[in-house]
Amino acid sequence: MKTDIQIAQEARMLNIFQIANQLGLSDDDIEAYGKYKAKIDLNVLKKFEGKKDGKLVLVTAITPTPAGEGKSTVTVGLTQAINKLGYLSVAALREPSLGPVFGIKGGATGGGYSQVIPMEDINLHFTGDLHAIGAAHNLIAACIDNHLHSGNLLNIDINKITWKRCVDMNDRALRNVVIGLGGKANGIPRESSFQITVASEIMAALCLATSLIDLKQKIGNMIFAYDTTGKPLKISDLKIEGAATALLKEAIKPNLVQTLENTPVLIHGGPFANIAHGCNSILATKMALKLSDYTITEAGFAADLGAEKFLDIKCRKGNITPNCIVVVATIRALKHHGGAKELATENVEALKKGISNLDKHVENMKKYNVPVVVAINKFITDTDMEVNFIKEHCDRLNIPVALCEVWEKGGQGGEELAKLVLKELGSEKDNYKPLYPLNMSIEDKIKTICKEIYGASGVEFGKNAKKMLSTIKELNYGDLPVCISKTQKSLSDDPKLLGRPENFIVTINELRISAGAGFIVAMAGDIIDMPGLPKKPAAELIDIDENGKIEGLF
Ligand code: ADP
C-alpha cells in the first residue's frame with residue numbers, strides 16, 4: 001500500500017494560477033509563493049462583496065484515538081466529491097504545526113487519496129505564517145523584558161507576567177525556564193516558559209480577526225501581565241501593537257493550494273483546540289464562502305471541543321452561519337470506546353457499547369439547530385457487519401448516515417456522503433443558534449457547556465478560578481464567550497472515561513482572560529500548551545535525498 005507522501009508525490013499538480021481561476025480570481029488577486037502555493041489578497045473580500053455566500057459545512061468527529069479519526073481526510077474527500085458532482089466546493093483547513101508533524105500524529109493535510117498538496121511544503125514551513133506569528137509573539141516577549149530592564153515604568157509585577165515565549169516545536173525542556181541570567185546587562189532574572197506557537201494568543205487573534213486593523217486592535221487589547229496593584233497591563237501599554245501587526249501583514253492573508261484532484265483549498269491559521277478555539281481563520285472561511293457554492297471546513301479534536309468552539313465562538317465572532325454538520329466516526333474509535341484493545345479485528349459487541357459516544361456527539365450538534373449527518377470513515381479493516389451495525393443504528397435513530405471511502409478512493413469514494421450533505425443543505429432546515437447567550441454570566445456559560453455538551457452533572461470551581469470569576473466581572477470581560485481547555489480523549493475532563501460518561505463533575509482550576517482574541521479560557525485539568533515528543537518521534541522516519549525529495553512524512 002502506498003503511503004500518504006508517495007500518493008501526494010505522484011499527483012499531477014496544476015499551476016496555482018489555474019486553481020485561482022477556478023475560483024474566479026484574476027492573476028492580480030493572488031501572490032504566488034512558487035508554482036503551487038499562493039496568498040490571496042484581502043481585497044478579494046471587497047471585490048466579491050455583492051456576491052451571495054455559498055453554504056457552509058462543518059466537519060467534526062467523535063472522541064478520537066490519538067492518531068486522529070480522519071476529519072481532515074473527510075473534509076478534503078467531501079470537497080473533492082462535491083466538485084465531482086459538478087458544483088464548486090472549497091475546503092477551508094487549518095495550517096499544520098511542526099510539533100505534531102515531528103511528534104506522534106504526523107501532518108495535517110488529510111490522507112490516502114484525499115490530501116492537500118504540496119503536502120511536504122504545507123506540513124513544513126508552508127508560506128511562513130507560523131514563523132511570522134512566532135516572531136510577533138516573541139517581539140512582545142522581548143519588549144516586556146526590555147521594559148523591566150529599562151526601569152519598569154508600568155510597575156509590572158514580575159510574578160504576574162502571563163506572556164510566555166513561543167516556538168513551533170514540541171520541546172518539553174522549554175516548559176519552564178529561567179531567563180535574564182548573566183548579570184545586570186542581560187536583563188532581570190525571572191522564571192518564564194515557552195508555549196508552542198499554535199497556542200499563542202496571537203494565533204487565536206489572527207484567526208478571529210476580520211481585517212488588519214481589527215488584528216492590530218486585538219493585539220493591543222491582549223493582557224500580558226498585571227501591575228503591582230493588580231491592574232491588567234495590555235500590549236497597547238507597551239505601544240508595540242503596530243510593530244507586532246506589521247510582522248503579520250502577509251500571515252493574515254489566506255493561503256491557496258489544491259487537493260489531489262486539483263480542486264481549490266484555503267489553508268489558514270491553526271490555533272490549538274483546547275486553550276484556543278481550534279478552527280481556521282474567519283477570513284479564509286469568509287473568502288471561501290464568497291468564492292464557492294459549498295465551503296467544507298473542520299474544527300479540531302472532537303465535537304465537544306472544536307465544533308462547540310466553532311459554533312459558539314467563531315461563528316458568532318465572524319457572523320458566519322453553518323448550514324450542515326458532518327460528524328466523522330470510525331469503527332476503530334467506537335470499538336475503543338466500547339473497551340476493545342485490538343481495533344483491527346471485527347468486534348460488534350465493542351461497537352455496540354462504544355456507539356454511545358457517537359450518539360452523544362450527534363445529540364450535542366443537534367442543539368445548534370443545524371442538520372447533522374454521520375460519515376463513517378471506512379478503514380480497510382472494517383467489516384460489512386460492523387458498517388451495517390452503525391448504519392442500522394443511525395437509521396433507527398433517524399440520523400442521516402453515509403459510508404465514506406475517500407481515503408481509499410478520493411472524491412469518488414465520497415459520493416454517498418456528498419449526496420447526503422447536498423440533500424440536507426437543500427432542505428433549508430438550518431436555523432443556527434449558539435448554545436448560550438453572551439450576556440449569561442461566565443460561570444453559567446461554563447456550566448451550560450459542561451452539562452449540555454460534556455454531559456456533566458455539575459461543575460466545581462477551584463479557589464483560583466473562583467477569584468478569577470469576580471476579577472473578570474470587575475474588569476468587564478463578562479460578555480465574552482468561553483473556551484474550555486479540556487482533554488480531547490474523553491467527553492469528560494478525565495481522559496480515562498470513554499464512551500458516554502455520566503454522573504461526573506468537571507473541575508475548573510483556573511480562568512485566563514484572552515482579551516485580544518476575545519474569549520475566557522477555562523482550564524479543566526492540567527492542559528499542556530507545550531507538548532513533548534514521544535520516545536520514538538516521527539522525526540526519526542523523515543529523510544531527504546540529494547534532489548530534495550522528502551520521505552517519511554505522513
Ligand atoms: P484528524 O483530522 O481527525 O486529526 P486526519 O484526517 O489527519 O485526522 O487523519 C489522521 C491519520 O489517519 C492520517 O495519517 C490519515 O492518512 C489516516 N486516515 C484517515 N482516514 C483513514 C482511513 N479511512 N483509512 C486509513 N487511514 C486513514
Side-chain angles (χ1 to χ4, degrees), residues 1-8 58-81 91-97 99-117 119-120 122-123 198 259-260 265 267 270 272-274 278-280 296-307 310 326-336 343-344 357-358 361 374-383 386-387 390 402-414 416-417 488-489 531 538 541-542 552-554:
M1 207 169 343
K2 285 181 184 160
T3 62
D4 287 354
I5 194 165
Q6 281 168 337
I7 295 170
L58 170 70
V59 176
T60 180
I62 58 166
T63 306
T65 59
E69 295 324 303
K71 287 183 304 292
S72 307
T73 306
V74 171
T75 305
V76 177
L78 178 58
T79 188
Q80 290 181 149
L93 297 174
R94 287 170 298 155
E95 293 185 48
S97 155
V101 167
F102 294 120
I104 302 177
K105 189 178 173 290
T109 43
Y113 287 88
S114 292
Q115 294 186 58
V116 188
I117 44 177
M119 80 90 101
E120 306 91 319
I122 299 169
N123 281 312
V198 291
T259 64
L260 288 175
V265 179
I267 300 198
F272 248 22
N274 46 45
C279 323
N280 70 275
I296 319 295
T297 192
E298 62 153 350
F301 296 139
D304 53 332
L305 286 165
F310 174 88
V326 175
V327 179
V328 177
T330 61
I331 285 169
R332 61 176 190 169
L334 290 174
K335 288 195 284 202
H336 164 74
L343 303 179
N357 185 268
L358 171 65
H361 285 296
V374 168
I376 308 169
N377 176 20
K378 188 165 185 303
F379 278 63
I380 45 176
T381 47
D382 299 343
T383 68
E386 291 174 324
V387 171
I390 302 188
L403 186 65
C404 185
E405 298 177 280
V406 295
W407 182 84
E408 197 184 333
K409 300 178 182 164
Q412 198 198 339
E416 186 182 332
L417 178 63
Q488 71 272 23
K489 293 181 181 160
L541 305 171
I542 297 168
L553 266 179
F554 64 97

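Numbering of ligands and ligand atoms starts at 1, following listing order. In this chain, residues are counted from 1 in sequence order.
Residue-level proximity to ligand 1 for D4 is carried by the side chain, the only part with a heavy atom below 4.0 angstrom. Under 4.0 Å from ligand 1, the heavy atoms of K378 that appear belong solely to its backbone. For E69, every heavy-atom contact with ligand 1 shorter than 4.0 Å involves the backbone, none the side chain.
Under the rule for a side-chain hydrogen bond (donor to acceptor under 3.5 Å, both in side chains), T73 has no partner lying at least two apart in sequence or in another chain. Residues that satisfy the salt bridge (charged side-chain N to carboxylate O under 4.0 Å, His left out) test with E405, not counting sequence neighbours, are K409.
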Please determine whether side-chain contact (heavy atoms from CB on, under 4.5 Å) holds for the pair Q80 and V76, giving the CA-CA distance in whole Å, both sets of side-chain angles, and the decisive distance to 0.1 Å.
CA-CA 6 Å; Q80 290 181 149; V76 177; 4.2 Å; yes
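Below 3.5 Å of separation, one finds an N or O of G70 facing an N or O of ligand 1. Any N or O atom pair closer than 3.5 Å counts here, and S72 shares at least one such pair with ligand 1.
The local environment of CD in Q412 is sparse, with at most 12 non-hydrogen atoms from other residues, nucleotides or ligands closer than 6.0 Å.
A side-chain donor from one of T297 and N280 sits under 3.5 Å from a side-chain acceptor of the other.
Close approach of ligand 1 to N377 (heavy-atom distance below 4.0 Å) involves ligand atoms 19 (C), 20 (N), 21 (C), 22 (C), 23 (N).
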